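Basis for what follows: all heavy atoms, side chains included, without hydrogens, waters or symmetry-related copies. All residue numbers in this chain count up from 1 along the given sequence. Just so it is clear, the model here is predicted, and its values are computed rather than measured.
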Amino acid sequence: MAEKREHWGSRLGFIIAAAGSAVGLGNIWKFPYITGENGGGLFVLIYLVCIAIVGIPIMMAEIVIGRSAQKSPVGAFTTLAGESSNWKVVGWMGVFVGFIILSYYSVVAGWALNYTFMSLTNFFAGKTPEEIGAVFGLLYSSSGMNVFWHGIFMAITVGVVIGGVKGGIEKWNKILMPALILIFILLAIGSIFLGGWKDAVNFVFYPHLDKLKASGVLEALGHAFFTLSLGMGAMLTYGSYLEKNTDIPKASIIISVLDTFVALLACMVMFPIIFTYGFSPQAGPGLAFKTLPIIFGKIGAAGMLLSFIFFLLLVFAALSSAVSLLEVVTSYFIDEKQWTRHKATLITGGIIFLFGIPSALSGSGALFPQWETMYGKNFFDTFDYLASNWMLPLGGMFISLFVGWKMDPNLRRSEYMSGTSWTAEWLYRLWVVFLRYVAPIAVFIVILQRVGLIDIDRIVEILF
Ligand code: TRP
């Protein structure tokens with residue numbers, strides 16, 4: 001017989017850990033640069049709509065499945081849909097996607113670790129923007145550095161997950177999350193005093209109608225999944241450690257609002273710098289690594305401290321997200337194969353480390369140098385593309401279809417109602433309608449566009 005299932009120490013502990021999973025590289029590293037690439041305000045607005053009408057309902061669905069079954073994804077679908085049902089494939093897919101995402105996520109987190117330590121040497125002092133950009137290039141193309149930092153980051157992640165749900169994940173998140181939000185607020189306040197602040201506010205919050213292509217809408221939806229940790233059972237797994245007294249709708253809204261808040265804060269830290277120093281908002285994935293050190297270099301000794309704090313926070317944010325990815329993989333072996341937590345964490349963490357090595361070597365071309373020529377993207381980008389553009393939206397669609405159409409309606413209702421003060425019938429019904437129609441149709445349209453069966457930009461052109 002397996003050990004008794006662990007639970008969170010408190011309701012707040014769950015919310016903090018789930019918010020820790022959601023808030024990560026997606027918010028601080030990715031969101032500002034895709035906002036820049038997609039022209040700002042209107043993209044942000046559409047992203048907010050996606051969070052509200054697709055993200056929040058699916059987050060509730062994942063937590064409902066997890067808490068109801070008290071199992072991680074594979075076991076949960078088996079419990080709720082029956083042993084012989086194919087729904088457990090959605091669970092397997094989740095474990096597999098967790099594997100893939102963590103393997104390259106850890107490489108980016110490794111860059112942040114490297115920048116944290118480099119900050120201590122004041123590496124940006126007296127350098128031109130080009131030279132600072134070159135530092136990133138140097139790191140990116142170094143095999144040894146990438147594998148080394150990727151390994152260190154995976155080891156830390158394993159260390160947290162081995163501690164278990166309450167003593168590891170919850171304890172660490174309770175320290176890291178508030179620290180992160182506090183220091184980000186301070187940085188954002190500092191940015192108010194920069195000359196480019198007004199331009200930044202205008203760029204991020206004013207919907208310039210001419211700047212967005214319809215395909216940007218699809219990117220906004222895909223990012224909504226990634227940033228809220230949806231579509232592969234991470235929220236489902238965290239939900240499985242819940243007791244019945246948690247208010248699922250309210251918790252989902254709090255988590256999503258916090259996540260969005262940090263993403264917008266990150267924009268309000270970075271864009272004022274970008275506009276003050278006349279950089280292009282379209283700097284791409286290097287945005288955080290290449291541009292922020294420029295300003296750190298301009299403010300003397302304080303710059304060293306700020307740089308250290310900033311990159312350390314980036315590491316923290318990445319860590320609390322990585323922990324949730326590893327937990328999905330680990331809990332599969334704990335729940336389904338009756339491994340001990342120790343064994344499951346060490347083995348899966350080790351394999352993910354090995355799995356990440358090709359991604360870590362993508363910049364140097366030391367492994368699979370022909371990959372990019374053959375597939376158009378390097379190994380790292382291929383993994384990211386497959387996971388976030390295909391597997392998460394597909395997983396999210398199946399999860400919403402499952403709870404909307406397949407799950408026993410009585411169980412679904414009682415699981416939603418248990419612990420919530422939002423018992424109004426219309427609210428519950430609205431949620432189900434979103435799961436049955438709105439979310440799956442939105443994802444389906446994204447997939448049609450990606451496969452090339454429809455071209456939304458053309459349709460918009462023809463219609464208007
Ligand atoms: N949400 C995290 C971020 O924004 C990444 C992440 C953690 C994730 N767990 C996940 C993404 C599960 C998809 C699925 O950086």
Side-chain angles (χ1 to χ4, degrees), residues 1-9 11 13-14 17-18 21 58-99 102 161-170 229-246 248 251-252 323-345 347-348 391-392 395-396 398-416 418-419 435:
M1 188 56 208
E3 306 157 44
K4 190 174 172 299
R5 192 168 194 77
E6 269 197 273
H7 284 101
W8 302 106
R11 276 179 265 182
F14 161 72
S21 164
I58 293 187
M59 184 177 299
M60 289 165 60
E62 283 207 22
I63 302 174
V64 157
I65 296 177
R67 190 178 69 174
S68 168
Q70 294 284 302
K71 293 236 172 70
S72 55
V74 177
F77 282 106
T78 318
T79 305
L80 297 180
E83 193 65 50
S84 59
S85 140
N86 286 328
W87 282 100
K88 63 174 174 291
V89 176
V90 180
W92 280 334
M93 207 172 96
V95 175
F96 180 65
V97 178
F99 222 88
L102 185 51
V161 174
I162 265 189
V165 174
K166 207 193 308 176
I169 302 174
E170 180 173 342
S229 303
L230 298 177
M232 49 78 72
M235 289 298 170
L236 190 159
T237 306
Y238 274 18
S240 77
Y241 302 124
L242 273 178
E243 320 258 11
K244 299 285 181 196
N245 59 2
T246 299
I248 295 180
S252 304
V323 158
S324 73
L325 288 161
L326 183 56
E327 180 64 21
V328 173
V329 182
T330 301
S331 63
Y332 167 74
F333 291 96
I334 298 175
D335 287 351
E336 303 304 311
K337 306 287 171 208
Q338 275 75 46
W339 289 9
T340 62
R341 178 166 282 273
H342 231 87
K343 174 176 166 192
T345 314
I347 293 182
T348 54
M391 295 169 173
L392 295 180
F398 284 123
I399 287 166
S400 82
L401 289 173
F402 180 82
V403 176
W405 295 97
K406 166 77 190 167
M407 190 175 172
D408 171 20
N410 296 324
L411 190 59
R412 178 178 66 209
R413 173 186 293 272
S414 67
E415 203 58 52
Y416 168 98
S418 168
L435 290 181

Spatial distance of atom [atom1] ([X]) from atom [atom2] ([Y]) [nearest 0.5 Å]:
X      : Y      : atom1 : atom2 : result
Gln70  : Leu242 : CD    : CG    : 8.0 Å
Leu326 : Thr237 : CG    : OG1   : 11.0 Å
Trp8   : Thr246 : CH2   : OG1   : 10.5 Å
Ile248 : Arg67  : CD1   : CZ    : 3.5 Å
Ile63  : Phe14  : CD1   : CZ    : 4.0 Å
Thr330 : Leu325 : OG1   : CG    : 10.5 Å

What pairs of donor and acceptor atoms, side-chain ones from residues 86-95 against any protein atom, are under 3.5 angstrom apart with sequence neighbours left out?
| unit_1 | atom_1 | unit_2 | atom_2 | d |
| --- | --- | --- | --- | --- |
| Lys88 | NZ | Glu83 | O | 2.8 |
| Lys88 | NZ | Ser85 | O | 3.4 |

Which heavy atom of [X] sits nearest a heavy atom of [Y], and at what distance?
X      : Y      : value
Tyr241 : Ser331 : OH-CB, 3.6 Å
Leu435 : Gly404 : CB-CA, 4.2 Å
Arg11  : Asn245 : NH1-O, 3.4 Å
Ser418 : Lys244 : OG-O, 2.7 Å
Met235 : Ser21  : CE-OG, 4.1 Å
Ser68  : Leu80  : OG-CD2, 3.6 Å

Practice task
Please assess Val64 against Met407 for the test side-chain contact (heavy atoms from CB on, under 4.5 Å), listing each intermediate value before the final yes or no.
Solution key: CA-CA 10 Å; Val64 157; Met407 190 175 172; 3.9 Å; yes
Practice task
Quickly, which of Arg5, Glu6, Glu62, His7 forms a side-chain hydrogen bond (donor to acceptor under 3.5 Å, both in side chains) with Ser240? Name it, please.
Solution key: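 The passing option is Arg5.
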Practice task
Could you tell me whether a side-chain N or O of Arg412 sits under 3.5 Å from a main-chain N or O of Ala61, the two making a donor and an acceptor?
Solution key: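 Not a single qualifying donor-acceptor pair exists.
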Exercise for the section: Using modelled atom types only, decide if a donor and an acceptor are shared between the side chain of Glu327 and the backbone of Ala234 within a distance under 3.5 Å. Expected result: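 Answer holds: no.
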Handout entry: Heavy-atom side-chain proximity of Phe333 to Ile347 below 4.5 angstrom
Key =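 No, too far: nothing below the 4.5 Å cut-off.
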Exercise for the section: Compare all side-chain heavy atoms of Phe77 with those of Ile399 and state whether any distance is below 4.5 angstrom. Expected result: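 Of all side-chain heavy-atom pairs linking Ile399 with Phe77, at least one is under 4.5 Å.
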Problem - Set of side chain to side chain contact (heavy atoms under 4.5 Å, CB included) partners for Trp405, sequence neighbours left out - result: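 Partners of Trp405 under the side chain to side chain contact (heavy atoms under 4.5 Å, CB included) test: Leu401, Arg436, Tyr437.
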Exercise for the section: Determine whether more than 12 heavy atoms belonging to other residues, nucleotides or ligands lie under 6.0 Å from atom CZ of Phe402. Expected result: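 Above 12, so yes.
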